[in-house]
Amino acid sequence: MKTFYITTPIYYANSLPHLGHLYTTIVADAIAKNKKQRGFDAYFLTGTDEHGINIQRIAEQNDQTPKQYVDYVSDEFKRIYRQFGLNGFDVFMRTTEPFHYEAVQNLWRQIAANRTPKGNETIYKGFYEAWFCPNCAEFKTEAEYELRAGEDAPRCLIHERTLDRVAEESYFFRLSDYSEFLLETIEKHRNLIRPEARRNEVVSFIKSGLQDLSISREKKSVYWGVPVPGDANHTIYLWVDALSNYITAIGYGNEERKSVGFEKYWSNVTHLVGKDILRFHTIYWFSFLHAANLKLPETVFAHGLWLDSHGRKMSKTLGNAIDLEFLHRNFSTDVIRYFVLREMVFGQDGKFGYESLIERTNADLASGLGNLSSRTLSMINKYRDGAIPSGKIQEHNYIYAKRAGISPDEQDLVSVLEHARDEFLRRFDNYEFSLALEILWTVIARIDKMISDAKPWELIKDENQAETLNAVLYRATETLRWLCVLLYPVMSEATAKIYAQIGLSEDVSKTNPENLSYAELKVGTKIGETEAVFPRIDKTKVMNEIKEQSKETKSNAEISNQTASAPNGDSRARNPTDVLINTAPTEEANGEDDFITIDDFLKVELRVGEIRVAERIPKADKLLRFEIDLGEEKPRQILAGLAEYYEPEKLIGRKVVVVANLKPRKMRGLESQGMICAASLENDEGEKPALATFIENVDIGARLK
RNA sequence: GCCCUUGUAGCUCAACGGUAGAGCGCGCGGCUCAUAAUCGCUAGGUUACAGGUUCGAAUCCUGUCGAGGGCACCA
């Protein structure tokens with residue numbers, strides 16, 4: 001039996017589920033169902049990644065143990081999955097499972113026992129260096145510190161004190177020895193990384209040079225994770241722990257899961273990932289696997305992000321994120337599943353708008369598939385007492401069939417169906433879900449046309465047309481049966497309903513579409529009770545509700561918590577050497593101490609300056625170089641990131657507000673001796689500066705108080 | 001600044017180098033089995049632009065412009 005193993009990423013448990021998670025899981029669910037239908041021994045993994053410093057911290061803030069916290073989050077994922085009909089997975093993997101600990105340690109040992117392709121030790125001890133806050137006693141991630149203009153060291157967002165550059169002992173994986181292996185392998189296997197544009201990116205990243213990877217933290221800074229085997233002072237950090245779930249869950253390196261069948265499933269693996277974590281699933285993961293003498297996956301497919309209807313990224317602050325609860329309340333799971341698969345070209349970004357969701361539902365599902373089913377079954381009820389008539393037309397009746405515009409034999413229809421089926425499966429296998437579905441809708445149109453041409457409501461009046469009418473009804477019903485089988489992986493509930501309405505009792509999930517053959521639908525089958533499978537959606541009504549809803553969410557968003565913050569399908573943040581998540585900084589941390597005294601204010605020396613020189617800096621997209629006259633003996637050189645927003649020539653002569661006593665700082669090799677003040681305007685596209693100026697005439701060098 | 005992808009009808013997307021199509025939306029007409037569904041017809045294009053290769057280019061090559069992305073950089 002052919003095997004097939006598909007995975008979603010295991011989602012990082014610092015964030016509650018959002019549309020991005022839902023989408024990846026829907027796609028994987030549909031693929032897994034399709035493979036199982038077709039007789040594959042298929043296995044589908046999804047789950048949560050539950051270790052690391054971020055989980056540790058969030059739990060502490062919530063007065064929970066890390067375990068309590070991740071139990072909560074993974075339950076939330078499961079709950080959302082249930083809500084959206086995501087029942088096709090075979091394991092919900094959690095990295096806190098005891099067997100995973102054992103298996104990760106075994107993987108580590110296996111890797112450590114081997115040599116790199118260049119004959120070096122794979123794992124070695126070194127020092128990991130990062131910004132450290134002594135008050136927190138923690139290393140800080142990119143999202144947890146800010147670098148103020150003019151300062152060399154960033155500050156802790158909580159304590160506002162300058163961070164120290166601290167090194168701690170860490171194990172490293174010698175990733176730098178794997179570049180050639182990776183490039184060769186990626187070159188050789190064209191389907192290894194898809195789509196191609198993403199593959200190119202990975203290749204160019206490798207070519208730019210790989211650094212060795214820190215794969216542990218001292219236990220005193222990160223205890224929430226798997227201990228390094230043979231060195232209890234260290235915790236295995238992030239990628240070795242998280243990525244390896246794909247093998248530990250199916251029995252690598254542990255007894256508990258052995259029965260799942262590692263050898264079997266690891267022979268044909270597909271990882272679906274968001275484009276933001278592609279690099280880790282290729283460069284790191286391939287290298288780890290190679291280092292452990294394991295085979296690489298068949299395909300790692302990076303899909304795009306869902307943008308809002310205007311093509312903007314979704315975020316809590318913009319208030320354009322899709323609220324899953326609301327989505328669930330207003331739309332059935334099948335409608336959503338159909339929409340995301342039909343609307344997004346897999347691999348590219350897609351737009352998610354309620355308006356197009358409603359339009360597509362009404363057009364394709366209510367008016368299309370739903371209505372075809374409804375009109376067909378209702379005619380069988382009305383004209384044939386609810387029993388499916390034979391589709392055969394006897395030769396002496398051919399003349400009548402032709403007269404009604406119906407071809408006497410069904411060969412035309414059979415080839416249409418078979419062709420559509422083959423194309424559907426081909427496209428589906430190639431991740432072209434959108435095109436695959438489109439093909440089936442051409443079949444629906446064809447049957448609608450057949451019915452209109454034949455005019456059953458007239459045939460019923462003519463005794464001689466009894467067989468023609470039968471044929472029309474049979475052909476339409478048989479087509480519906482085929483469609484149900486093919487569409488089951490996409491819309492399991494609706495297809496099951498239609499199937500039942502046709503009067504069929506076998507299990508669609510086990511009907512192999514490849515074996516569909518025409519006229520298997522039994523004559524005389526009593527059709528079941530009929531009702532609308534896809535009720536038409538009242539667009540104006542729902543759109544109004546959405547407007548109401550979004551007002552509420554927008555006002556809630558500001559107060560909302562930090563645990564549900566990661567916006568765009570990323571299960572991990574981007575910087576590999578730092579900690580991973582975009583945990584929103586604790587804004588409440590400020591509160592009423594948030595005042596400064598007049599003395600504090602007077603420390604800042606704000607002065608009026610006139611721009612004498614403004615020019616672009618070669619090879620810098622954002623920076624402009626200014627010479628600003630502050631009434632001092634010499635104009636100051638100041639650099640500012642305004643190049644994207646202002647034409648330098650037009651700024652010459654303009655009077656601006658300058659922070660005059662800022663510590664000088666080098667940027668792009670040039671020293672910046674101050675800072676220009678500007679308002680930061682937030683709009684749909686992000687932030688945009690507006691320079692502070694005066695309406696009145698002001699003297700150069702005047703101080704602002 | 002380097003690299004990648006992309007530009008086709010109002011919108012979303014198709015089209016082995018061989019007569020540019022579909023769905024939605026718009027306009028008109030027909031029908032009544034059906035969820036105001038469905039069927040027909042009409043409208044809409046110098047395939048971003050300029051060159052080149054070819055008997056033949058939306059497709060291949062070069063350049064320009066626009067859009068998106070990766071890296072560097074910046075935060």
> What string of B, S and - do you get for nucleotides 36-41 of chain B 5' to 3' if you count protein non-hydrogen atoms under 4.0 Å?
Replying inline: -SSSS-
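Residue A:Y383 is classed as a sugar-phosphate contact, given heavy-atom separations below 4.0 Å to backbone atoms only. Residue A:V203 is out of contact with every strand shown, counting any heavy-atom pair closer than 4.0 Å. Using a 4.0 Å heavy-atom cutoff across all strands shown, A:S208 reaches no nucleic acid atom at all.
Residues A:N191 and A:R199 have side chains that never bring a donor and an acceptor to within less than 3.5 angstrom of each other. Using modelled atom types and a 3.5 Å distance limit, the side chains of A:T468 and A:N470 yield no donor-acceptor pair.
Crowding of A:R446 atom CZ: a count of heavy atoms from other residues, nucleotides or ligands under 6.0 Å not exceeding 12.
Comparing the same atom, C1', in B:rC11 and in B:rC26 gives a spacing of 12 Å after rounding to whole Å. The C1' atoms of B:rC28 and B:rC33 are separated by 25 Å, rounded to the nearest whole Å. If you take atom P in B:rC2 and the same atom in B:rU64, they sit 11 Å apart, rounded to whole Å. Taking atom C1' in both B:rG1 and B:rU12, the straight-line distance is 35 Å, to the nearest Å. To the nearest whole angstrom, the two P atoms, one in B:rU19 and one in B:rU53, are 22 Å apart. Between B:rC3 and B:rU46, the distance separating the two P atoms is 33 Å to the nearest Å. Between B:rU35 and B:rG30, the distance separating the two P atoms is 23 Å to the nearest Å. For the P atoms, the distance from B:rA15 to B:rG21 is 14 Å, rounded to whole Å.
Remark: B:rG18 base-pairs with B:rC55. Criterion, Watson-Crick or G-U wobble with two distances under 3.5 Å. With both pairing distances under 3.5 Å, B:rA43 is matched to nothing as a Watson-Crick or G-U wobble pair. The pairing partner recorded for B:rG25 is none, the criterion being a Watson-Crick or G-U wobble arrangement whose two distances lie under 3.5 angstrom. The partner of B:rA72 cannot be assigned: no Watson-Crick or G-U wobble pair with both contacts below 3.5 Å exists in any strand. Both distances falling under 3.5 Å, in either a Watson-Crick or a G-U wobble arrangement, occur for no nucleotide opposite B:rU8.
In this structure, the side chains of A:S434 and A:F346 stay at 4.5 Å or more apart for every pair of heavy atoms.
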> How far apart are the C-alpha atoms of A:Y338 and A:W441, what are their side-chain angles, what is the distance that settles it, and do they pass the ring-ring contact (aromatic ring centres under 6.0 Å, His included) test?
Replying inline: CA-CA 12 Å; A:Y338 173 78; A:W441 261 255; 5.0 Å; yes
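The CD1-P distance, from A:I447 to B:rA34, rounds to 19 Å in whole Å. Look at CG on A:L440: it is 15 Å from P on B:rG23, rounded to the nearest Å. Taking atom CG of residue A:L480 and atom P of nucleotide B:rC33, one finds them 19 Å apart after rounding to whole Å.
In summary, A:E478 and A:R475 do not engage in a salt bridge, as defined by a charged side-chain N under 4.0 Å from a carboxylate O. Ion pairing of A:R625 with A:E627 is present here, as a side-chain N (NZ or NE/NH1/NH2) and a carboxylate O approach within less than 4.0 Å. By the 4.0 Å N-to-carboxylate-O rule, A:K461 lies too far from A:E458 to be salt-bridged with it. Of the charged side-chain nitrogens involved, at least one lies within less than 4.0 Å of a carboxylate oxygen, so that A:E438 and A:R342 count as a salt-bridged pair.
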For nucleotides 3-13 of chain B, tabulate all protein N/O to nucleotide N/O atom pairs closer than 3.5 Å, reporting atom names and distance.
from	atom 1	to	atom 2	distance (Å)
B:rC4	O3'	A:N200	ND2	3.1
B:rC4	O2'	A:N200	ND2	3.4

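Sequence order on RNA chain B of the closest nucleotides to A:K275 and A:S374 puts A:S374 first from the 5' end.
Contact annotation: A:K207 side-chain N/O to B:rC71 OP1/OP2 distance is not under 4.0 Å.
Of the candidate nucleotides B:rG23, B:rA15, B:rG69, B:rG23 has the atom nearest to the side chain of A:D364.
Across all non-hydrogen atoms, the minimal contact from A:A466 to A:R384 is O-NH2, 3.3 Å.
A cation-pi arrangement, defined by a distance under 6.0 Å to the six-membered ring centre and an angle within 45 degrees of its axis, is absent between A:R194 and A:Y431.
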